[in-house]
Peer 1: 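Can you keep this structure in mind? I'll have questions shortly.
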Amino acid sequence: YPRRAKKSAVKSEEFISGVISYNSRLDSKTLCSRYLLVRRPKTGLLAGLWEFPAISVSSQFSDSEGESKLSEILDKFLTIDQRKGLQIKHVGKVSHLFSHRHHVYHVYKAVLEDDRIVPAKKSGAANCKWVTKAELLQSAISSSVKKILELSSEGEVMNASKRRGQKRSTKCDMKPLEKFFKTAS
Amino acid sequence: YPRRAKKSAVKSEEFISGVISYNSRLDSKTLCSRYLLVRRPKTGLLAGLWEFPAISVSSQFSDSEGESKLSEILDKFLTIDQRKGLQIKHVGKVSHLFSHRHHVYHVYKAVLEDDRIVPAKKSGAANCKWVTKAELLQSAISSSVKKILELSSEGEVMNASKRRGQKRSTKCDMKPLEKFFKTAS
Amino acid sequence: YPRRAKKSAVKSEEFISGVISYNSRLDSKTLCSRYLLVRRPKTGLLAGLWEFPAISVSSQFSDSEGESKLSEILDKFLTIDQRKGLQIKHVGKVSHLFSHRHHVYHVYKAVLEDDRIVPAKKSGAANCKWVTKAELLQSAISSSVKKILELSSEGEVMNASKRRGQKRSTKCDMKPLEKFFKTAS
Amino acid sequence: MFEARLVQGSLLKKILETIGNISTEANFDCSSAGISLQTMDSSHVCLVSLLLRSESFDPFRCDRNLTLGMKMSSVSKILKCAGNDDTITIRAEEGGDVVSFLFESQNQDKVSDYELKLMNIDQEHLGIPETDYDCVIQIPSGEFQRICRDLSTIGESVEIACTKDGVRFSVAGDVGSGSVTLRQNATIDKEEGSQVTITMNEPCTLSVALKYLNFFTKASSLSGVVTISMNKDVPLAVEYLIGDTGYVRFYLAPKIGDDDDE
Amino acid sequence: MFEARLVQGSLLKKILETIGNISTEANFDCSSAGISLQTMDSSHVCLVSLLLRSESFDPFRCDRNLTLGMKMSSVSKILKCAGNDDTITIRAEEGGDVVSFLFESQNQDKVSDYELKLMNIDQEHLGIPETDYDCVIQIPSGEFQRICRDLSTIGESVEIACTKDGVRFSVAGDVGSGSVTLRQNATIDKEEGSQVTITMNEPCTLSVALKYLNFFTKASSLSGVVTISMNKDVPLAVEYLIGDTGYVRFYLAPKIGDDDDE
Amino acid sequence: MFEARLVQGSLLKKILETIGNISTEANFDCSSAGISLQTMDSSHVCLVSLLLRSESFDPFRCDRNLTLGMKMSSVSKILKCAGNDDTITIRAEEGGDVVSFLFESQNQDKVSDYELKLMNIDQEHLGIPETDYDCVIQIPSGEFQRICRDLSTIGESVEIACTKDGVRFSVAGDVGSGSVTLRQNATIDKEEGSQVTITMNEPCTLSVALKYLNFFTKASSLSGVVTISMNKDVPLAVEYLIGDTGYVRFYLAPKIGDDDDE
């Protein structure tokens, strides 16, 4: 998409972005996914917004450097048990142009196959939360977060139609209990 | 094989032919196979003879058209449960020259792995029967049916010798009960 | 390595050498391996020394001839049950230069995956023993035996570091009972 | 309208489990005589024939002959939901596409009602002639089940040899060989009527596949006694009576040729 | 310092097995009131809330409020090493990183001492308001467990419909459909107090997923009676009392929309 | 000719199951003294030694010393076909290639005869010297089995520490750590003779692998009491007596170095 003629005015920063999720199987037809969001610092760019955990990377990073950076993210937010079940895939990249910045997110998708080892968050992993897709879209997020989510969801609809037997449906027919009970203070 | 010089006198018709079978495991060394035969109409070409279910197809059919035509055959004769266990393979083709016709049968082999879901025939699938190879050869069949059977059996002897442990033997040491008890009227 | 200028003085003999072993799993971290050694005849070259079972082969042997010769070795020393669990790999070759001879050993590694079917030796397989690596190095062996052992062990350390969960460690923290009880006469 | 009420509902549970091992779908034929069923396994070497006479039920009503085609695993699932002491009532309408099962606990405090979709099942029935068998052996059903299970760990075929003194079951396999001999008029269990009884015209020997005998003996809970009938070179007959008003009979093709099962 | 001694140690074994099916890690909150726990499953559709009042224990000592975060499978492994008649004592120090479990056989001849590493578990608690439910049903716990298990072989959702006459559980699936009806004030088991009792403001119908009910009913060994409370469109509540001094309560989100579970 | 008849045939069934866990093939050595067996597992860290004296049998006949090599899984299959109350008779001919097992029911109405092909098994025997152990502990066999099973869910090695007051079994693993202490002369079971008894020269501590102890304790059904004998740095000895006329003894190599099992 369009770029300013004077490229040097826009600094391009690159990141590894981890879309970490797990699927709870509600019944033989219904899976309910939850994604890990982290909160940006209270000051600075996109202050206080929620996003997928990300970490800076140099623009010419190798595959192994990308995996290594992703590991740093995973180590920060997931317990050892949670890391055991991960299926990881490099799904592509998402660009976002700000007024004076250009961010490129190299998106990795990491899905926990065994849903029973959530919901504990890793000790010390503050300012993060596991949310459904609906809750994610209702959180304070930037548009690049939506683009990253769409990119990482691309394979899923196809898989749903191809897979016999247990379907992957994103339609959960039960609301989570937080809709009924408020979080205790 | 030989063709008349005046090709236009012989009309070539092409068919998808489905050799549908299941294997009953009598014991650790013995498998007993049964094949699905259907009866041709009482009038017309090869009237009243038994054959493998077949369906017309255009001469330049694609792979997916072939599979789609095969599906029509399977839907007509097999129940949903019976279709679950199918292993399907396109094994080749068989030609047969009549006095004024030329038939080409594109042979697909479909083997039901789970023998416990037979012998129910699909409701409405009249004029068909499941027979052993011996019973098949004793039925009223045309020579193209024998050729189709031979073509679809080509892999099996090889597999028998290569496979350790459970052998695929076509020698059943028990006669089916129809040899002892006649069908009730 | 160095060869005499007059090649014809040194006769080159080639062998298939089988490093046959099994692994006992002592606990989730410890595997203890044992190797099959056979004793050479009491007279002649390397008299009375222990070695991995070997069999002559022509110098231009094909893959299938190699496997066939290996089968002869396996048939001689292993029971049918012991042969069931074998994982076989052609790992390379080892040369050894004597004063007037040159031996080339084409080394095959055969590992029994199921340790419960040892220690019976095949009836009639005299002059052979199953030994740990430590016991092997303490036996009367030639230097080519050591080289063959090193060649066949090359993959193992690498596998140990790559494999998560159950580690392949060669450090057994229990001594075999032969260290405590002497063989009855 | 078809309606049949069985006070001893557990009988139906046991019957269904047995049939389900042999065939996955079968037709229950309902007439004024009662409920009958005949089905073969997929290899056509064994057949099960069931009869529950109308006297087994109270009440029993069958306005018109009706054929109820059912998937055995589905009926089993439903019958597993019945308590062992429940009364079971089967109901169906002519031309309907469901059969209903009503379970009532003894004090009627718990009532369960299940509906199962019927299937169209096209199976031929075989006519089984009345046969005068050379040997008819009565054995306690649990004993026969035990013997079949034991011998099937050793080999795949059993040779059954019956003389006036007793019956011998022999097997051979990779491990070795074995035989079990039961003597005539022996008392295996202390209970009265639990003897081994042989009625014989002439001695008879037959070999059959143990895999199928182990299916049949799942009906052992239906009756304390199993009756085995043999003629040379004809299918073995194995019968369990259901009270006074019914039976389950199994037929198994004999092994061809010599008794070697290798 | 925290110390709590439970003479009927088997209670703790049963409680732990139940919770472990729902969540893999949870915080045990210790205060002068007793031991409490609240955790949800990973899909956040069900919640278990446990309370063992301090009177359940003898002695009970809790100098300062303490949160003991444990991995359920690890606690289960340790509690499986307790004999069914053992006394169980739980001990922990403030600021410590282990919790210890002491098992004493009745005659004190066998004493087992286990230490479990604590975890930092960050789970939010939900506030569950006191609710006046439209229908409150008491059923023998074994009966409810049996019904949930039976119906889950037929379908995945159960519709619970309660009227003053009784409660009906309905299910539908590929095999067919079914319903079980229990009558009010019925006597299912001979034991006293094992009746079906319904307290009702107005009739109520709710659909829930059987998968989760089958987790809850693993607590059946804790109490002879289970109490099910329903309001339209709010989470179902399922409660098992633990003696006089505690309870385990489960909450399960209702199914949205119509009762069709397909 | 070798013939040995054991009235309590169930003993043989239990013995065979135990040995089969350790070694897949073994030689039964028959002499006028009785039947003995010695075999090690494939890692050579444990050994089982069996003796059934000739007085265990009636009759017992052994014309010439005989070695019967058998595959344990095959013998187990055959012995599973014996009833628990059957008499078992073992027979073999010198120079023959089979061993036969005769099972006779109590009233002789059911007689089973099995033949097993013998194997040539080339295993060395180890000479086990008479040892004066520092600690000899007698525990009810069921209790020891329970302890080994419990501790093996926590860790892989157990440290056994014996003093005059009692014996302590300790384990550590990923989950945490634990120890079980049994007091001297304690009464764990009400039955007479089911006490924990310690005979000690000096205190002793030994670490061994629980995996192998769990194999040994499968012999618990042979005897109400298990005797554990320990000396520092020599193999642990675990003995179950078989009536008055036999024993099964297990030896297990100790863990080297410190007691850390990681």
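It should be emphasised that the depicted structure is a prediction, and the values quoted were computed from it without experimental measurement. Chain naming here is simple, since letters A, B, ... match the order of the sequence lines and numbering starts at 1 in each.
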Peer 1: Nearest heavy-atom pair of C:Lys175 and F:Ile256: which atoms, and what distance?
Peer 2: CG-CD1, 3.8 Å
Peer 1: Do other residues, nucleotides or ligands put more than 12 heavy atoms under 6.0 Å from the NZ atom of F:Lys13?
Peer 2: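 It does: F:Lys13 NZ has more than 12 such atoms within range.
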Peer 1: With a sphere of 6.0 Å drawn around CZ of F:Arg146, does it hold more than 12 non-hydrogen atoms of other residues, nucleotides or ligands?
Peer 2: yes
Peer 1: Once you round to the nearest 0.5 Å, how far does CG of F:Leu47 lie from CD of C:Glu178?
Peer 2: 9.0 Å
Peer 1: Of the non-hydrogen atoms in F:Tyr212 and C:Arg25, which two are nearest, and what is the gap between them?
Peer 2: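 That would be OH-O, 4.0 Å.
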Peer 1: How many angstroms lie between atom NZ of C:Lys182 and atom CD of F:Glu124, to the nearest 0.5 angstrom?
Peer 2: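 Answer rounded to 0.5 Å: 11.5 Å.
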Peer 1: Please report the closest heavy-atom contact between C:Arg34 and F:Ser42, naming both atoms and the distance.
Peer 2: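 So the minimum-distance heavy-atom pair works out to NH1-O, 3.8 Å.
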Peer 1: In Å and rounded to the nearest 0.5 Å, what is the CD to NE2 distance from C:Glu135 to F:His44?
Peer 2: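 Going from the CD atom of C:Glu135 to the NE2 atom of F:His44 covers 8.0 Å.
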Peer 1: Taking all atoms of both residues into account, what is the closest heavy-atom pair of F:Val45 and C:Met174, and its distance?
Peer 2: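 Closest approach of F:Val45 to C:Met174, heavy atoms only: CG1-CB, 4.1 Å.
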Peer 1: Quick test of your reading: applying side-chain hydrogen bond (donor to acceptor under 3.5 Å, both in side chains), list the pairs with at least one residue in residues 46-57 of chain C, sequence neighbours left out, ordered by first then second residue.
Peer 2: C:Arg40-C:Glu51
Peer 1: Quick one: pull up CZ in C:Phe180 and CG in F:Asp233 and give me the separation to the nearest 0.5 Å.
Peer 2: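 Reported value, rounded in 0.5 Å steps: 7.5 Å.
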Peer 1: Could you tell me which residues satisfy side chain to side chain contact (heavy atoms under 4.5 Å, CB included) with F:Glu93, sequence neighbours excluded, listed by chain and number?
Peer 2: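 Residues passing side chain to side chain contact (heavy atoms under 4.5 Å, CB included) with F:Glu93: F:Met1.
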Peer 1: Show the nearest heavy-atom pair for residues C:Phe181 and F:Gly127, with the distance to one decimal.
Peer 2: CB-O, 3.5 Å
Peer 1: State whether the side chain of F:Tyr251 and the backbone N or O of C:Leu177 hold a donor-acceptor pair below 3.5 Å, judged by distance alone.
Peer 2: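 No, because the side chain of F:Tyr251 does not come within donor-acceptor range (under 3.5 Å) of the backbone of C:Leu177.
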